[in-house]
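Fair warning: this is a prediction, and the values are worked out from it, not measured in the lab. Numbered from 1 within each chain, the chains take letters A, B, ... in sequence-line order.
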Amino acid sequence: MGYWKTHVEAAEACIAAGPIDLGFVTLASTADLLGLLWGSPVRFEDGTARSDLDQALFLLGRQTATAICNERLLGADAGTLIEDALAALAGTSCADIRALIGPVTTFNESLDEAPFPAGFPTEPAQPRTADQLGIDPTSPSGGSCNP
Amino acid sequence: MNTTVRSGLLLAIAILTACGQSSGGTSKNAGTTPTSPTSPTAPAAPTATGADPVLSPEPASTPTRAFIRILGADNPGYDALLADVAKVAVEVDGAPVALDYTGVQTMDLTNASQAWRVASFAMPAAGSKVHVTVQLDDPAIWERAGASGELDTCGIPIEFTAPAEWFALRGHAVIVLDLAASIAGSAGNPVLLPNLQVLY
């Protein structure tokens, strides 16, 4: 996740391949993607606290977005993980959502040492720029965990 | 006020596992290392020059709020160390209290003059005991000499307990994180093992 979080051109390239529909939020711009990756698990952009459900959605959502970018640009194969994650993100079962955070994170971290394919953006990391560009696109769902 | 309440030094014991394996997301390691306040009249610890982020009280407009803040200190040379929190919990006499995140933002812990707001809660009644837990979000991001990478923050959370009166001194508890002493591991794969003081 850290790579996409700090490399603006890579994030732009991922979004250029199409919006990322996570169910509870759609990432339609680089600002959306960076905003999710730089977002806080405990609060929304305006400082409102995330509910348990919203926190679970956020935590799996950012890993799922990362996995989708890894598939799109790195050619990685997550198997059914992304489909499973999107199915969980469409519901309100925090148990199901949280159960997938680990596996999706593990998939993403397994690519930390993977070589970049030809043509992949190789600009240096710009963490502060990326942080400033991001605008957390999530908002309170109004829902609660079930279960 | 010229005195600062200082909690005991906390050297986190390394109990590290991958954050991603947690059913609870980024707050997997629930190791508990509470610190007990040692002296309510301990002298102030050295802090940043200029406007002191510890000794400066919270604004008079927030007398009913108690703030939790984090200040990075003893920066070993990072140009930036960007971090957020994955979990904050406050219990007053064992009961969880509601937190407010107004004004909270991504922290750059290399800024020695900024004690970053983490959360606030209603100022507890005198005589009560406050227990605070803060888990940094994983990963934090470091930048140094044009290079950048991740700082593994999956270690045990920061935890401390203090009487309500200490929060009332200046309206806050400032977690002063000694960066040089807290960042271990190789340069390419650094790990945060929180080494800190809590100042009031």
Could B/R69 and B/E58 be called an ion pair, given the rule that one side-chain N must be under 4.0 Å from one carboxylate O? yes

Mind checking salt bridge (charged side-chain N to carboxylate O under 4.0 Å, His left out) for A/D54 and listing every partner two or more places apart, or none if nothing turns up? none

Using a strict cut-off of less than 4.0 Å between a Lys/Arg side-chain nitrogen and an Asp/Glu carboxylate oxygen, indicate whether A/R62 and B/D137 qualify as a salt bridge. yes

Neighbours of chain B found in residues 67-92 of chain A - heavy atoms under 4.5 Å: none

Which atoms of B/T102 approach chain A - backbone, side chain, both or neither, heavy atom under 4.5 Å: backbone

Would A/F58 and A/F44 count as a close aromatic pair, with their ring centres under 6.0 Å? no

Using a cut-off of under 4.5 Å on heavy-atom pairs, state which of A/M1, A/E45, A/R43 scores highest against chain B. A/R43

Residue pair B/P163 / B/K129, side-chain heavy-atom distance below 4.5 Å: no

For chain B, the option from A/A95, A/S40, A/P124 that forms the most heavy-atom pairs under 4.5 Å: A/S40

Mutual orientation of the aromatic rings belonging to B/W142 and B/Y78 [parallel < 30°, tilted 30-60°, perpendicular > 60°]: tilted

Flag the pair B/E143 and A/R128 as a salt bridge only when some basic side-chain nitrogen lies within less than 4.0 angstrom of an acidic carboxylate oxygen. yes

